Number of protein chains: 2
Amino acid sequence: MSTTRPPVNMSDVAARAGVGMATVSRALNGTPGVSDATRDRIRAIAHEIGYVVSPEASRLARGATGRIGVVVSHLSRWFFAEMLDAIETTLRQAGHEILLYQVPDPASRHRFFEELPARRKVDAVIVVGLPVDLREQQQLESMGVHIVATGGQTASFPYVRIDDEEASRLAVDHLVNLGHTRIGMIEATSLDTPDWPLKLGRSEGYHASLRAAGIDPAPELVVTVPWGGENGADAMTRLLSLRTPPTAVFAHSDEIALGAIRTLRRLDLDVPADMSIIGIDDHPLAALSDLTTIAQSVPEQGRLAAQMTLELLAGRESVESVTVPVHLELRRSTRRL
Amino acid sequence: MSTTRPPVNMSDVAARAGVGMATVSRALNGTPGVSDATRDRIRAIAHEIGYVVSPEASRLARGATGRIGVVVSHLSRWFFAEMLDAIETTLRQAGHEILLYQVPDPASRHRFFEELPARRKVDAVIVVGLPVDLREQQQLESMGVHIVATGGQTASFPYVRIDDEEASRLAVDHLVNLGHTRIGMIEATSLDTPDWPLKLGRSEGYHASLRAAGIDPAPELVVTVPWGGENGADAMTRLLSLRTPPTAVFAHSDEIALGAIRTLRRLDLDVPADMSIIGIDDHPLAALSDLTTIAQSVPEQGRLAAQMTLELLAGRESVESVTVPVHLELRRSTRRL
DNA sequence: CGGCGGCTCGGAAACGCTTCCGTCACATCT
DNA sequence: AGATGTGACGGAAGCGTTTCCGAGCCGCCG
């Protein structure tokens, strides 16, 4: 098949440039101790004969991997993909590589931490949308790998997140301000880590808002389903079958909300005339569906997480966790009662 | 901060087991030449003292990276994320690691191939939704890295894709069968690689279908916009401002279609009563929007691409490209005229 | 009973780089 | 002018594995 290249090593460059390997190494790495002239010449030669340092060898000698592991639960979901996008961009700009791990279920998650696939393979790990328990944390830290979390977890290590309770409060406040009093909530749980309900305080925010408005939360108005649009649709059906259905619904996320809307549409119920719906996320398709939502900037969160990781790697002893703001994105799925 | 572990090396295991390093290496790698008893003992010891081989050193000595690069244009888009999901899963199962590269614009794409970031860092590259020109291909192959493409490109190297022309034909045939004769098309181009129009034969399919039905394609009925839901919405506006607007529209993708639908909804036009819409993809939110579409299995394509890569790596001289089937997913956005 | 083949296993040479040290030449200071 | 400092650069020792080769060892055949 392809003619595998004749290996080109650093010594070849050295020979060609008439200098020692040490100098080549310094020249290529930008390490001081080489005259500019020599450096340029070496670089030119390296480029000319298509030489690139072997990362394996380099890392072995250097002792660091230059890689950052990103652990994600569900690549195919918008939130995670968007996050990964931002992380990738930031990290690559900083010259790091990202090693991707998808950990969709408890089993593989356990395996990940147990078999330590990350061991020595990465300098740090960014965990997105995944709980990390204390033991796992210590496991990683004892190997000297830093951890940063994003997408839900608050922890003793640095994280970036939104204030889920506030986001929910904002959403429900909006509904309340519109005159609604019978407000339903579709709460989602993570399918794979049921131990770690996706609520994250979202139902707390819901209740807090109602309480603040002097509305007594009716238990039957909050229905809990596994995450996913289809389940959002089902939840809406359940809400509609109540003796007194709500006049507005706060959905755990935009995907859930979109599912709920489909149920309404199929029943020929108009949004927002017959029912107000609000979600959380500002999924790109929320805009296309005219869905009012609480927007959070996922790219921002990804960028921050990546930056925090870089700082940790740069030796900063500790970096502060951050909570990014959310805001109401008013569209056409909610209306005054 | 964390107590960085005292490095544990293979020699430690060897000492502890009272054998030579060579034996430890063999034992741990499953290489023959070690008695089962010894092998078990060594493995136990390794596990006990928490030893894991250093991938750097291993690879350096072995000469292969064990990694596969995945080059993606837009992580945050459903199609790519879904694809990556499947690829990751398949590859990891096979014990490979995936090194992620995002190449959003021509500049970074050029850089990727030019600086050969993949050089020696990966054994193979899976390119998703990206054109690879001949020079770039040769560049990679000359370094001995295999290439597999998916998500659009047909090439001289192995690829997996759908038949875009057939998909389009299916879509338009459906509209024709419903009695529509004035059928519009919203064609999308890639924002970043305008040289590589995203049409991929989709407009050919459109025209072919019309021609087969004896319908004369009116040029003004196909509008071309950059990829994206918002642009789909704009395109719909343009289509509606025609002297004689179409009665049905074939959209390049579901996202585009969803954008088009928003325009219609805002204008109080009913889908499908006033306008039939069909897309391509079967985006998860298409189901939530009751959008009729031509479904393609992205996970399937990802899985196949990954498998082909594995076969290549396993030494199979050549693997055959595959075209996965598509089918009409009938929902509620199209209707008999 | 000697010899031979097959297993196990150990020594040590790569693998390709980084980096510590030390050398050298030259400029600067006294 | 001699002493000293400074910047460039080379030699070579690792970094932690893999793997080639060869050395024991045991069982079995003739």
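Heavy-atom basis, side chains included; hydrogens, waters and symmetry copies ignored. What you are looking at is a predicted structure, and each value in this text was computed from that prediction instead of being measured.
- For the residue pair A:I87 and A:G302, the shortest heavy atom distance occurs at CG1-O, 3.6 Å.
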Expected list for residues 37-46 of chain B: side-chain donor-acceptor pairs under 3.5 angstrom, two or more places apart:
from: B:T38; atom 1: OG1; to: B:S35; atom 2: OG; distance (Å): 2.5
from: B:R39; atom 1: NH1; to: B:R26; atom 2: O; distance (Å): 3.2
from: B:R39; atom 1: NH1; to: B:A27; atom 2: O; distance (Å): 3.1
from: B:R39; atom 1: NH2; to: B:T31; atom 2: O; distance (Å): 2.9
from: B:R41; atom 1: NH1; to: B:A17; atom 2: O; distance (Å): 2.8
from: B:R43; atom 1: NE; to: B:A27; atom 2: O; distance (Å): 3.4
from: B:R43; atom 1: NH2; to: B:A27; atom 2: O; distance (Å): 3.1

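- Listed nucleotides: D:dT18, C:dT18, D:dG16. Nearest to the side chain of A:R62: C:dT18.
- Contacts between residues 29-44 of chain B and DNA chain D, counted as heavy-atom distances below 4.0 Å, involve B:N29.
- Comment: B:R67 engages A:E56 in a salt bridge, judged by a side-chain N to carboxylate O separation of less than 4.0 angstrom.
- Taking CG of B:L312 as the start and CG of B:D123 as the end, the distance is 11.0 Å to the nearest 0.5 Å.
- Annotation for B:V128 and B:F80: closest pair CG2-CD2, 3.3 Å, computed over non-hydrogen atoms.
- Across the protein-nucleic acid pair, B:E56 atom CD and C:dC15 atom P stand 19 Å apart, rounded to whole Å.
- For D:dG10, its base sits under 3.5 Å from the side chain of A:R26 at one donor and acceptor pair at least.
- With distances taken from any side-chain atom of B:T23 to the nucleotides C:dC9, D:dT17, C:dC17, the minimum falls on C:dC9.
- Nearest heavy-atom pair across B:Q137 and B:S156 is NE2-OG, 2.9 Å.
- Of all non-hydrogen atoms in A:E136 and A:V132, the two that sit nearest each other are OE1-CA, 3.5 Å.
- Residues of residues 14-22 of chain A having a heavy atom closer than 4.0 Å to DNA chain D, listed by number: A:G18, A:V19, A:G20, A:A22.
- Summarising the geometry, the separation between CG on B:L60 and C1' on D:dT17 is reported as 8 Å, rounded to the nearest angstrom.
- Checked against C:dG16, D:dT17, C:dT18, the side chain of A:S25 finds its nearest nucleotide in C:dT18.
- Here the OG1-CD1 distance, from B:T309 to B:I126, works out to 3.5 Å after rounding to the nearest 0.5 Å.
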